[in-house]
Structure formats: structure tokens, C-alpha cells
Colleague: 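Below are the C-alpha cells for one structure; questions will follow.
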There are 2 protein chains.
Amino acid sequence: MEKNSVYEDLRQQIIQEKLIPGQWLIERELCETYRISRTPIREILWKLTGDGFLEQEANRGFVVRRLGLEQIFEIFQTREAIEGMAAKLACIRGNEAFRSNLREIKKKITKANIQSDPTAGIALGRELHRAIMDAAQNGILTDTNKRLENMTLLTANITKHSPAIEKASAEAHLRIINAVLEQDQEKAEQMMREHLRETCQHIVERFYPGMLGGVSNNK
Amino acid sequence: MEKNSVYEDLRQQIIQEKLIPGQWLIERELCETYRISRTPIREILWKLTGDGFLEQEANRGFVVRRLGLEQIFEIFQTREAIEGMAAKLACIRGNEAFRSNLREIKKKITKANIQSDPTAGIALGRELHRAIMDAAQNGILTDTNKRLENMTLLTANITKHSPAIEKASAEAHLRIINAVLEQDQEKAEQMMREHLRETCQHIVERFYPGMLGGVSNNK
DNA sequence: TGGTTGGAAATTGTATACAAATAGAATTCA
DNA sequence: TGAATTCTATTTGTATACAATTTCCAACCA
């Protein structure tokens, strides 16, 4: 199998939770699976580490990033800073095409809300976050956010299909859109930050009731 | 030479600008210099890439991160988000020992100001930024900031020994300290953000008058 | 002249063998 | 028994040879 395909496949395996946090990646096994030697496998693992999906430990190899409750807090708090800034910049730098796109997303969110379609809501949420980040026109900010987004993906499946969370998110998204359309920098930043704080809160309350600390380590 | 030492040496070479942005690292040369084979050299280069010092291009290898004016803007804007959040969190989570340390730093900054000692001022600035980041108690935020700080280091030497910038920085640092000591979250965040905006402004005005665009690429 | 092509040199990419370190199981000894 | 120890198997770390790609320069031709 070709190198880029192997990278993409491993990425998907992680996102789809066929490889889960705390799981060690055995180089020999990957070689046999993908029919390439250890050298390119290691390059791929380093790339995935750079993406935020894996951790590397000397003399122990690569492991899917271990996420405890504490770290989920931290990731969302960092995203709050980054995406808050993005929302602010989107007010300043976003052009009319961007705002037109936002108005379209707004309509679709409202429609999905009425039809109680959580799948559509999730996709629209991603679209909105991406549109705002793009409009901010800051490559470093985008790269930084990508890493955090990838880390969030490690817990993505557990956040899916929770109607209460999705409804709250949709409403927050509408508030963000309105603020950006008004080009109210402070409000846009504030709305985005509140949205991420709230989402984090919801995840924690729902999936880690009372729990605090590390995560399983299968080696 | 041992692997960790090679990593540290290369890191220092970059920080001290013996290796400059845009410079390609030739694996064979590094092998001869450090007397280890290409395999560990590549691992080290991947690690430095993760630190934000290098970029990797397929079939072309590793290059010291290329920084144009645009990217310097972007880095400081991202730091504004990250360190602003850190200042806010330091107000909430910082303990009395932390604030005591801040009062010490405040005294030293005032002293360095009176004595017009820019070297001491720079060291104190770093100490302050680090103390605030530590007090924020957010590992992901700290890691994210580390990458950005490393990128900033690539341009660090050109920001040194500029009395005007250092004086403005010192005053901004005092304002930040006061806000954190008052535990005024909003003010602390705002002061930190203004400080980074101002510093970026100074760098641009002083070292890139009128210039805009990419940087040299020696290959 | 100036652009294109061809080929040689330099450089990165891959496979593989062996060394070193780690982890796990069996053994020993109190 | 159970804690410590030794040994074995597993896994990562390193060196090296060769393949593929890129780069650079010289030869060529319109």
C-alpha cells in the first residue's frame, strides 16, 4: 500500500475509533497490515504525532493520545482562546461572500432545528467553525486549531447523538452567526467562547459523571 | 554523539541562529557532524518539526521554518489568544506563592528600568510570561504556547537590544502584573493582549519597514 | 541568445539485518 | 505463598545498502 494511503487509513482508523486512546501501535503489525517496511511506517507515525493524534515515548513507541477528563477540559479551554480570536478576526477580515455563506448556514441550522435533525446540525456546526476559521485568514491560528480539533476528534464519537447538547449547540451557533453578521467583534468572540465552555461542560456532565483522572493504558 | 545531545545541539544552533530560517538540513552532513546514522537523525528532525522549529517537505527533507512578515503577524496574533487566556486563568488559579513571585518580579523590573538594564529586562519578561503560563495550570495551553514561543525564537535575535521596545515591554509587563495581582481577569487578559499586539507592532515597524512577503530560500 | 533536453551528482525514500531495551513469564528462594 | 530474579520473547533503536527522486549543469538546438 502506498505511503499517503497508509497515513490516511491510520488517520481514519483513529477518527473512527478503531484505534482508541491509550492503544499502542506496534510497528511490525502495521508493516504486515500495509505491506511496507518499518522506515516509512515510522515517518507516518511521526506525522500523526504532529497532527496531535499520537504520543511518542522513547523506547516504547507510539500510542494513541491518552485523554483524561482533565485534558478534555484543557483542550476546550485552549480552543476557547483560539476560536474566540478567530471569531473576532472573522468580523474584521470576513468579506461579503463569507457573510452570505453564514446567512445560508443560518437558514439551514434553523431548518435542521425545526426538523430535529441532529446529524445535519453537527455537519452545519463543523461548517460554521471552519468558515469562521477560514475567514480569520491566519494560517498559524488555523494550524494550531487543527491540532486541537484532531484531539477533540479522539472523543468525537461519544459526543454524537446527544439531542440536548446538539440543541444547545445549534442555538449557540445562531448567536455566533448573528454577532459576526453584525460585525460586533467583542460579542462574536464572547459568544464563541461561551459556546465552547458550554459544550465542554455538557460533555463532562454527560460522559464523565463524577469521574476525574487518567484513562486506560493497555500496556 | 548521543541522540539527546544531538537534539539539544541542533535546537541551540537554531535558537542561536547558526541555522537560519529557510536553511535546508542535509541528513548526510548531520551524520558526519554528529557521527550517528541517518535513522536517528531523521527521528531528531521530526521531533524538532513537532517543536515548531522545522518544516518537512516530501522528497525534499527538512528546512528551518521560513518566516515572512505575514507569519510573524500570525504567530503574535495566536500568542495573543493563548497568553491572554493564560493571564485570565492565572488570576483564577494562581496561588499566593505565585502572586508573591509576581511581586518579586515587579520589584526587579522596576529596578532594571531605573538602571536601564535591557538584558535583565528581557530575562524578567520571559520569567513573567513563564510564571503566568505555569499558574494557568493548563498543559495543552502550555504545549501550544511552547510551539509558538519556539517559532518566535527564530526571530528572537533581531528583537534584542532595542531600548525603545524593551522600555515599552517593561511598562506593559508592570501593567499585566498589577492586573493579575488585583485578580482582575478581564483586565489581565486585555493587558496581555495589548502587550503582544504592541510588541508585534514594534518588531514590524523596526525590522521590516515597508516590506511585505516571503523570506529567502537558499535551495 | 535562450529555452529545452539529457544526464550526472546529490539527496531523500525504503528495505533489512542486527543491537539494545523493554515486557512478560517462569523460576527461585525466603 | 509471594516477592524478587532470571531468562525469553517482543518491540523499538541503529546502521547500512540500494532505489527513487530531485537538483544542477552542460550540451544541444531553434
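When reading the values below, keep in mind they use all heavy atoms of this one structure, side chains included, and skip hydrogens, waters and symmetry mates.
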Colleague: Got a sec: does the CZ of A:Arg130 have more than 12 other heavy atoms crowding it under 6.0 Å?
Modeller: no
Colleague: Using atom CZ of A:Arg38 as one end and atom C1' of D:dT16 as the other, report the distance to the nearest whole Å.
Modeller: 14 Å
Colleague: Report the nucleotide, chosen from C:dT11, D:dT16, C:dG13, that has the shortest atom-to-atom distance to any side-chain atom of B:Glu27.
Modeller: C:dG13
Colleague: Checking contacts here: which listed nucleotide (D:dT11, D:dT16, C:dG13) is nearest the side-chain heavy atoms of B:Gln56?
Modeller: C:dG13
Colleague: Roughly how many Å is it from CG in B:Asn4 to P in C:dA21, rounded to a whole number?
Modeller: 13 Å
Colleague: Of the options D:dT11, D:dA15, C:dT22, whose atoms approach the side-chain atoms of A:Asn59 most closely?
Modeller: C:dT22
Colleague: Rounding to an integer number of Å, can you tell me how far A:Glu29 CD sits from D:dT10 P?
Modeller: 12 Å
Colleague: To the nearest Å, how far apart are A:Met1 CE and C:dT14 P?
Modeller: 14 Å
Colleague: Side chains of A:Gln185 and A:Glu189 only: does a donor on one sit below 3.5 Å from an acceptor on the other?
Modeller: no
Colleague: Is A:Arg60 close enough to D:dT12 that one of its side-chain N or O atoms is under 4.0 Å from OP1 or OP2 there?
Modeller: no
Colleague: Closest to the A:Thr39 side chain: C:dT14, D:dG13, D:dT14?
Modeller: C:dT14
Colleague: Of B:Arg42 and A:Ala58, whose nearest nucleotide on DNA chain C comes first from the 5' end?
Modeller: B:Arg42
Colleague: Tell me what A:Leu25 touches on the nucleic acid: a base, only sugar-phosphate, or nothing, going by heavy atoms under 4.0 Å.
Modeller: sugar-phosphate
Colleague: Tell me which nucleotide among D:dT16, C:dT12, C:dT14 gets nearest to the side chain of A:Lys3.
Modeller: C:dT14
Colleague: Quantified as the angle between the terminal helix axes (five pairs each), what is the overall bend of the helix from C:dT1-D:dA30 to C:dA30-D:dT1 to 10 degrees?
Modeller: 20°
